[in-house]
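Contents: one structure, followed by commentary.
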Amino acid sequence: MLQAPDEARALGPQHKYASEITRMPVRVRFAPSPTGYLHMGGARTALFNYLFARNQGGTFVLRIEDTDLERSKPEYTEVIHEALDWLGMTVDEGPYFQSQRTAIYQAKALELLEAGNAYKCFCTPEELEADRERALKEGLKQMYSRVWRDRRDHPEGLPFVVRIKAPLEGAITIDDMVQGPVTVGAEELDDFVILRSDGSPTYNFVVVIDDATMNISHVIRGKDHLNNTFRQIPVYTALGFDVPIFGHLPLIDGLSKRKGSMSVQHYRDLGYLQEAVINYISRLGWSHGDQEIFTMDELIEFFGFDHVGRSSGRFDDDKFLWVNAEWMKRLDDRDLATRWLPFLAKAGFEVSVDERLLGIVAVMKERAKTLVEMTEAAHYFFSDEVTLDEGAVKKWFKPGLEVIFEDIVADLSALQSWTPEHVQAVYDAHCAKHEVGLGKLAQPTRVSVTGNTVSPGLFETLYLLGRETTLARLKAGLAIMKERAAGDA
RNA sequence: GGCCCGUUAGUCUAGUGGUUAGGACUCCGGCCUCUCACGCCGGUAGCACGGGUUCGAAUCCCGUACGGGCUACCA
């Protein structure tokens with residue numbers, strides 16, 4: 001993996017190496033730290049791993065990187081797993097926990113120590129800090145001095161860390177599936193710490209051992225790890241491991257700012273559909289021609305690194321909302337109704353999936369962008385507490401209407417069959433009889449029955465409301481009309 | 001500071017030397033219409049900048065600017 005600079009640049013040997021590994025079974029991993037909820041950025045990393053695994057007939061491994069005991073919390077592992085499940089990414093293997101593998105890491109560190117590929121460093125944190133400050137002041141590279149790299153005069157009983165011996169010359173080139181060939185010279189590489197003074201291993205060491213011993217063929221992760229890759233490769237080499245193929249995904253801007261508002265379950269609670277989340281994040285950095293809407297099956301079929309972009313994207317709430325609205329329309333009524341239930345229950349509407357609910361879903365789903373929005377927009381179907389909007393009443397309850405509505409109420413009461421068609425026939429008849437447009441009657445009806453001027457088609461709405469409710473609300477509206485007419489006179 | 005990476009409309013993107021630079025979200029018109037929404041039609045808006053290479057560059061090379069990442073006994 002290490003070679004002279006010009007050779008590395010000219011040969012691009014990883015090309016050859018990569019193709020050899022490609023014939024091996026694909027094993028990828030998603031390796032989050034359990035320090036919080038699964039955020040949209042992490043979900044996308046997981047998704048790209050998952051899609052690649054499924055597309056290649058490979059294995060999707062979950063590994064929990066909980067070596068940071070300070071910040072890691074066991075409950076977050078469950079939360080992350082739950083989010084993956086909800087999104088439909090089934091884990092084939094794991095979760096593995098780094099915290100349970102310390103013996104392996106220490107054994108490997110010892111192996112490196114004995115082979116002379118790593119060494120003990122007795123510098124104190126204070127000394128290192130002083131070195132860094134001096135380097136900063138003099139404009140030099142901020143890098144460990146390597147004073148202990150070849151020293152034999154180890155002091156007794158003093159705390160020490162173990163550092164890897166990074167190459168002193170040459171260059172390292174990787175052929176990244178996303179970034180293409182990237183080369184870093186050995187002069188940029190540091191002898192980084194692999195074992196802390198308390199004996200615990202560090203991330204850049206652990207990740208190599210895990211990926212290697214778990215036979216990970218392709219390491220797909222955020223681009224923030226790209227530079228670390230060059231630190232890690234000497235570890236692979238020193239331990240005699242094969243180097244996997246890397247794919248460093250562009251980062252997503254604007255995620256870290258709105259704190260807490262972008263975890264997967266946050267969007268789930270806002271009434272976003274699992275399909276929409278998958279669909280939207282898949283398009284952040286990946287594309288398939290002009291297609292915008294994808295099922296998971298399509299994503300699995302179409303996904304490939306040849307169409308993963310290199311530039312970072314931005315999370316766009318408007319577009320995400322649009323994707324969700326598309327999925328609301330696409331799901332069949334029964335499926336959507338089932339998913340709607342918890343939101344209705346939360347709003348205090350205890351209903352079940354029956355013909356009526358399916359009818360409501362059918363007319364509401366293309367009028368709402370989220371399940372939460374749909375709940376709010378459909379409240380009058382489930383609650384009798386409809387308060388008439390003052391402005392709407394003022395605008396639509398015109399004097400004279402009370403006469404017509406008296407008639408309409410009478411005719412509706414007498415209807416033998418309560419269907420949208422029969423209800424419409426009543427309204428049509430009164431439009432003709434009183435020589436008014438439907439709008440003049442529809443809006444006052446809508447206001448009476450829903451409290452406002454917005455609803456699905458009037459006759460569908462009245463049908464779904466049922467005769468009893470419709471008449472009760474119409475009569476209440478009529479009373480107000482009469483009141484206003486009397487006040488006017 | 002050093003190293004690595006990026007830059008097509010406000011946003012997500014197509015594009016791999018020859019296109020009137022395509023699609024989508026947003027926004028603005030219009031149609032449909034009992035309201036809203038959907039749908040349909042149309043519009044505004046883009047290759048960061050400067051040099052090359054080439055008959056020809058959004059596409060290739062160099063530089064500049066801007067943005068991001070890494071540079072820990074964090075992950």
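Each chain gets a letter, A, B and so on, in the order the sequences are listed, and its residues count up from 1.
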Next item on the list: Could you check how far OH of A:Tyr203 sits from P of B:U71, rounded to whole Å?
Entry: 11 Å
Next item on the list: Report the distance from atom CG of A:Asp253 to atom P of B:C12, rounded to the nearest whole Å.
Entry: 8 Å
Margin query: With a 6.0 Å cut-off on the ring centroids, do A:Tyr272 and A:Phe320 count as close?
Written below: yes
Notebook entry, point to check: Strictly under 6.0 Å, is that where the ring centroids of A:Tyr280 and A:Phe315 end up?
Noted result: yes
Next item on the list: Please give the nucleotide sitting opposite B:G50 as a Watson-Crick or G-U wobble pair, both distances under 3.5 Å, or none.
Entry: B:C62
Note to self: Classify A:Pro250 by what it touches in the nucleic acid, base, sugar-phosphate, or nothing, heavy-atom distance under 4.0 Å.
What the structure shows: nothing
Item checked: P atoms of B:G50 and B:A9, separation to the nearest Å -> 16 Å
Notebook entry, point to check: Residues in side-chain hydrogen bond (donor to acceptor under 3.5 Å, both in side chains) with A:Asp190, at least two apart?
Noted result: none
Check: Has A:His248 got its ring stacked on the base of B:G69, with centres under 5.5 Å and planes less than 30° apart?
Finding: no
Margin query: Taking pairing as Watson-Crick or G-U wobble with both contacts under 3.5 Å, can you name the mate of B:G39, or confirm there isn't one?
Written below: B:C31
Checklist line | Under 3.5 Å donor-acceptor pair, A:Gln179 side-chain atoms to B:G6 base atoms | finding: no
Notebook entry, point to check: With a non-hydrogen cut-off below 4.0 angstrom, is A:Leu458 in contact with a base, only sugar-phosphate, or nothing?
Noted result: base
Notebook entry, point to check: Heavy atoms under 4.0 Å, any strand shown: does A:Gln142 hit a base, just sugar-phosphate, or nothing?
Noted result: base
Notebook entry, point to check: When you compare B:A58 with B:G2, how far apart are their C1' atoms, in angstrom units rounded to a whole number?
Noted result: 32 Å
Notebook entry, point to check: Looking only at atom P, what distance separates B:U8 and B:C27, rounded to whole Å?
Noted result: 23 Å
Item checked: Check: A:Phe382 ring centroid to A:Trp340 ring centroid under 6.0 Å -> yes
Note to self: Tell me whether the side-chain N/O atoms of A:Ser312 come closer than 4.0 Å to OP1 or OP2 in B:G6.
What the structure shows: no
Next item on the list: Report which part of the nucleic acid A:Glu326 touches: base, sugar-phosphate, or nothing (heavy-atom distance under 4.0 Å, all strands).
Entry: sugar-phosphate
Note to self: Checking side-chain polar atoms at under 3.5 Å, does A:Asp210 have a donor or acceptor matched by the opposite partner on A:Tyr105?
What the structure shows: yes
Checklist line | Base-pairing mate for B:U16 - Watson-Crick or G-U, with both contacts under 3.5 Å | finding: none
Notebook entry, point to check: Over how many whole Å does the gap from A:Ile252 atom CD1 to B:G67 atom P extend?
Noted result: 21 Å
Margin query: Counting the atoms with a prime plus P, OP1 and OP2 as sugar-phosphate, which does A:Val193 contact under 4.0 Å by heavy atoms, base, sugar-phosphate, or nothing?
Written below: sugar-phosphate
Checklist line | Residues A:Arg446 and A:Gln443: side-chain donor-acceptor under 3.5 angstrom | finding: yes
Next item on the list: Check whether the side chains of A:Ser99 and A:Asp66 place a donor and an acceptor atom closer than 3.5 Å, and report yes or no.
Entry: yes
Margin query: If I pick the C1' atom on B:C62 and the same atom on B:U54, what distance separates them, to the nearest angstrom?
Written below: 16 Å
Distances for protein N/O vs nucleotides 7-10 of chain B N/O pairs under 3.5 angstrom?
none

Checklist line | Rounded distance in Å - CG (A:Asp317) to C1' (B:A24) | finding: 16 Å
Next item on the list: Check the side chains of A:Thr202 and A:Asn204 for a donor-acceptor pair under 3.5 angstrom, ignoring hydrogens and angles.
Entry: no
Notebook entry, point to check: Between the side chains of A:Tyr119 and A:Asp191, is a donor N or O closer than 3.5 angstrom to an acceptor N or O?
Noted result: yes
Next item on the list: In sequence, state the C-alpha distance, the side-chain angles, and the governing distance for A:Val207 and A:Arg29, and then conclude on side-chain contact (heavy atoms from CB on, under 4.5 Å).
Entry: CA-CA 11 Å; A:Val207 74; A:Arg29 48 48 162 204; 3.6 Å; yes
Next item on the list: Check every strand shown and say whether A:Gly285 touches a base, only sugar-phosphate, or nothing at a heavy-atom separation below 4.0 Å.
Entry: sugar-phosphate
Checklist line | Whole-Å C1' distance, B:G30 and B:U53 | finding: 49 Å
Check: When you compare B:G23 with B:C41, how far apart are their P atoms, in angstrom units rounded to a whole number?
Finding: 12 Å
Item checked: Distance, rounded to the nearest Å, where A:Ile360 contributes CD1 and B:C36 contributes P -> 22 Å
Margin query: Please give me every residue in residues 433-455 of chain A whose heavy atoms get under 4.0 Å of an atom in RNA chain B, ordered by residue number.
Written below: A:Leu438, A:Gly439, A:Ala442, A:Gln443, A:Arg446, A:Thr453, A:Val454, A:Ser455
Margin query: Tell me the interatomic distance from A:Ile172, atom CD1, to B:C3, atom C1', rounded to whole angstroms.
Written below: 13 Å
Check: If you look at every strand shown and take non-hydrogen atoms under 4.0 Å, does A:Leu284 touch a base, only sugar-phosphate, or nothing?
Finding: sugar-phosphate
Notebook entry, point to check: Considering the options A:His225, A:Lys223, A:Arg221, A:Gln179, which one meets the side-chain hydrogen bond (donor to acceptor under 3.5 Å, both in side chains) requirement together with A:His248?
Noted result: A:Arg221
Next item on the list: Report the C-alpha separation of A:Glu376 and A:Val372 in whole Å, then their side-chain angles, then the decisive distance to 0.1 Å, and conclude whether the side-chain contact (heavy atoms from CB on, under 4.5 Å) test is met.
Entry: CA-CA 6 Å; A:Glu376 287 160 4; A:Val372 166; 3.7 Å; yes
Check: Within the side chain of A:Asn279, is there an N or O that forms a donor-acceptor pair under 3.5 Å with the backbone of A:Glu292?
Finding: yes
Check: Once you round it to whole Å, what is the distance between P of B:C5 and CZ of A:Phe246?
Finding: 16 Å
Notebook entry, point to check: Near A:Arg310 CZ, under 6.0 Å, is it more than 12 heavy atoms from other residues, nucleotides or ligands?
Noted result: no
For residues 427-439 of chain A, which side-chain donor-acceptor pairs fall under 3.5 Å, sequence neighbours excluded?
unit_1   : atom_1 : unit_2   : atom_2 : d
A:Tyr427 : OH     : A:Thr445 : OG1    : 2.8
A:His430 : NE2    : A:Asp411 : OD2    : 2.7
A:Lys433 : NZ     : A:Asp407 : OD2    : 2.7

Distances under 3.5 Å between nitrogen or oxygen atoms of protein and nucleotides 60-65 of chain B:
none

Note to self: Please give the distance between the P atoms of B:A48 and B:C32 as a whole number of Å.
What the structure shows: 42 Å
Notebook entry, point to check: Please give, in whole Å, the distance from B:C34 C1' to A:Leu401 CG?
Noted result: 14 Å
Next item on the list: Nearest-nucleotide wise, let me know which of A:Glu366 and A:Asp290 is further upstream toward the 5' end of RNA chain B.
Entry: A:Asp290
Next item on the list: For A:Ser33, answer base if it contacts any base atom (sugar-phosphate contacts may also be present), sugar-phosphate if it contacts only those atoms, and nothing otherwise; contact means non-hydrogen atoms under 4.0 Å.
Entry: sugar-phosphate
Identify the pairs formed between an N or O of the protein and an N or O of nucleotides 43-45 of chain B at a distance under 3.5 Å, and give each distance.
none

Next item on the list: Answer yes or no: does a side-chain N or O of A:Lys223 lie under 4.0 Å from OP1 or OP2 of B:C70?
Entry: no
Notebook entry, point to check: With both distances under 3.5 Å as the test, what is the Watson-Crick or G-U wobble partner of B:A45?
Noted result: none
Next item on the list: Sort out the partner of B:G1 for me: Watson-Crick or G-U wobble, both distances under 3.5 Å, none otherwise.
Entry: B:U71
Next item on the list: Count the heavy atoms of every other residue, nucleotide or ligand shown that sit under 6.0 Å from NZ of A:Lys329, and state whether that count exceeds 12.
Entry: yes
Next item on the list: Could you tell me whether A:Phe303 and A:Phe48 have their ring centroids closer than 6.0 angstrom?
Entry: yes
Checklist line | Nearest-Å distance once atom P is located in both B:C73 and B:G68 | finding: 25 Å
Notebook entry, point to check: Base, sugar-phosphate, or nothing for A:Cys121, non-hydrogen atoms under 4.0 angstrom?
Noted result: nothing
